[in-house]
Amino acid sequence: MTGSKPRISFEYFPPKTPEGREKLMASTTPALSELGPEFFSVTYGAGGTTRETTQHIVTTLTGQGYNVAPHMSFGGDDENTIRDLIQAYRDAGVNRMVALRGDMPSGMGASTQLVYANELVEFVRKESGDHFHIEVAAYPEIHPEAPGYAEDIQYLKGKFDAGANSAITQYFYNVEAYFYFLDQCAAAGINQPIYAGIMPITNYQNLARFSRNCGAEIPRWICQRIEGYGKDVESVRKFGEEVVTQLCQTLLESGAPGIHFYTMNQVEPTRAIYNNLGL
Ligand code: FAD
C-alpha cells in the first residue's frame, strides 16, 4: 500500500419516499461519515427524473457541513435549465460534481438527443470556471455503446481535455481489467486519477440484471459460488464481503488512488468492507 491514505467516497441514489430520504440524511450519512470519506455523491435519475430530490439531498447535506457532489447530465433539458441548476449548487456552497451523459429512461422516446459528457464538462467550465471539481465516468470493461476499446479511452481523454479533474469507474470485479485500463489511459496521455468504483455484493439478482446492461462483468466463478448458496442469504453476504474486501485490498496494494463505494444507500456492507481494509 502507498504511504498516503487512499481517497474514499460514497455514492447514494435519491430514495423515492420522504421517509427514505430522511433516513439517508439523518442516520445513514452520519454513520458513513465516521469513516472519513472525502465526499458523498448523489445520482441523478436518467433524463433528469430525480432533479428535485437529488438537489434537495445535496443542498440539505451541504448545509449540514458534508462535502457532497451532485451527479448531473443534460438529459432532455436545455442550457438554461442546466445553467440554473449549476448556479443553485454554487449558491448552496457545492463545489464538486459528477458530470455525465446519462441514459434516457425507457418510455421517454428516442426524440431527445443525449449530450455527451465532454460537452457538459465544457459547459460547466464555461459557466463557472474552476469553481467545481469535476469527476467523470470511466469504464475499465468499456462502455457498452462504445465503438471500441481505444475509442472509449479517447472519449475519456476528451472529457479530461474539456476540464474534468478526475474519473470514477463503473464497478468491476476483474482487477486486471482496471489496471490494464489505467496503463492504456496513461499511454493515451491521461494523467489524472481514475478512482475505482466498487459495488458491494448485496442483492445478487439485482446486481446480475443491472450488470448485463451497464457493461460490468460478474466473473463466472463468483456467479457459480453465489448461485450455489441458493436462499442462504447469510452465506451470500459473507462471501460477497470477502470477495469485495479482497478486491479492494488488491487495488489499494497495487496503487489504485482510492475507492468510490456504490453504497446502495446502505451502511453495513460498505462499512464492513471498509473496516476489513483497516484503513
Ligand atoms: P459519455 O462519456 O458521454 O459516453 C457515452 C458513450 O458515447 C460511450 O459509449 C462513449 O464511448 C461514447 N462517446 C463519448 N463521448 C463521445 C463523443 N464526444 N462523440 C461520440 N461518442 C462519444 N447514470 C445516470 O443516469 N445517473 C447517474 O447519476 C449516473 N452516475 C454514474 C456515475 C458513475 C461513476 C458511472 C461510471 C456511471 C454513472 N451513470 C449514471 C451511468 C452513465 O450515465 C451511463 O453509463 C451512460 O450510458 C454514459 O454516461 P457517460 O457520462 O459515461 O457518457
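Numbering of ligands and ligand atoms starts at 1, following listing order. The analysis underlying the following values was restricted to heavy atoms, covering all of them including side chains, and did not include hydrogens, waters or symmetry mates.
- Close contacts between ligand 1 and T43 involve ligand atoms 27 (C), 28 (O) [criterion: under 4.0 Å to a heavy atom].
- For the pair Y173 (side chain) and M199 (backbone), a donor-acceptor distance under 3.5 Å is present.
- Among all non-hydrogen protein atoms, the one lying nearest atom 7 (O) of ligand 1 is Y116 CE2, 3.3 Å.
- Remark: distances from the non-hydrogen atoms of Y262 to ligand 1 include one below 4.0 Å.
- Of all protein heavy atoms, the one lying nearest to atom 47 (O) of ligand 1 is D103 OD1, 2.6 Å.
- Within ligand 1, counting atoms from 1 as listed, the ones closer than 4.0 Å to a heavy atom of D152 are 8 (C), 10 (C), 11 (O).
- Taking only non-hydrogen atoms, the option from Y149, Y195, Y44 nearest to atom 27 (C) of ligand 1 is Y44.
- Considering backbone and side-chain N/O atoms, G102 comes within less than 3.5 Å of an N/O atom of ligand 1.
- Atom 53 (O) of ligand 1 has as its closest protein heavy atom R101 CB, 3.2 Å.
- Here the heavy atom of the protein found nearest to atom 40 (C) of ligand 1 is L100 CD1, 4.0 Å.
- Between E11 and ligand 1, no pair of N/O atoms sits closer than 3.5 Å.
- Nearest protein heavy-atom contact of atom 3 (O) of ligand 1 is A117 N, 2.9 Å.
- Between F10 and F40, the ring planes are tilted. Angles from 30° to 60° get that label.
- Between E145 and R101 there is a salt bridge, since at least one side-chain N of the basic residue sits less than 4.0 Å from a carboxylate O of the acidic one.
- Near Y139, the atoms of ligand 1 lying under 4.0 angstrom from a non-hydrogen atom of the residue are 37 (C), 42 (C), 44 (C), 45 (O), 48 (C), 49 (O), 50 (P), 52 (O).
- For M264, the CE atom counts as loosely surrounded, since its 6.0 Å shell holds 12 or fewer non-hydrogen atoms of other residues, nucleotides or ligands.
- Residues E234 and Y229 bring no donor and acceptor atom of their side chains to less than 3.5 Å of each other.
- Counted by atom type alone, S254 and T250 present zero donor-acceptor pairs between their side chains at under 3.5 Å.
- A donor and an acceptor atom, one from each side chain of S9 and H260, are located under 3.5 Å apart.
- Between E122 and K126 no salt bridge is recorded (no basic side-chain N to carboxylate O distance below 4.0 Å).
- The closest approach between Y171 and ligand 1 stays at or above 4.0 Å for every heavy atom of the residue.
- Taking the ring centroids of F132 and Y89, they lie at or beyond the 6.0 Å cut-off.
- Checking L32, T29, L35 one by one against V267, the side chain to side chain contact (heavy atoms under 4.5 Å, CB included) holds for a single residue, L32.
- The nearest heavy-atom contact from the protein to atom 8 (C) of ligand 1 is H143 ND1, 3.2 Å.
- If you number the atoms of ligand 1 from 1 as listed, the ones under 4.0 Å from a heavy atom of A137 come out as 35 (C), 36 (C), 52 (O).
- Polar contact check, V115 against ligand 1: no nitrogen or oxygen pair lies under 3.5 Å apart.
- The shortest contact between atom 16 (C) of ligand 1 and any protein heavy atom is with Y155 CD2, 3.2 Å.
- Around CZ of R83, the count of heavy atoms belonging to other residues, nucleotides or ligands within 6.0 Å exceeds 12.
- Of all atoms in ligand 1, numbered sequentially from 1 with element shown, those under 4.0 Å from a heavy atom of Q170 are 36 (C).
- The atoms of ligand 1 that sit less than 4.0 Å from any heavy atom of A146 are 9 (O), 11 (O).
- Counting heavy atoms only, N118 comes closest to atom 18 (N) of ligand 1 of the residues V136, T54, N118, L120.
- Counting heavy atoms from C-beta on, the side chains of F239 and Y204 never come closer than 4.5 Å.
- Among all non-hydrogen protein atoms, the one lying nearest atom 2 (O) of ligand 1 is K159 NZ, 2.6 Å.
- Contact of the L207 side chain with the Y171 side chain is registered, since non-hydrogen atoms from C-beta on lie closer than 4.5 Å.
- Considering backbone and side-chain N/O of H71, one or more are found under 3.5 Å from N/O of ligand 1.
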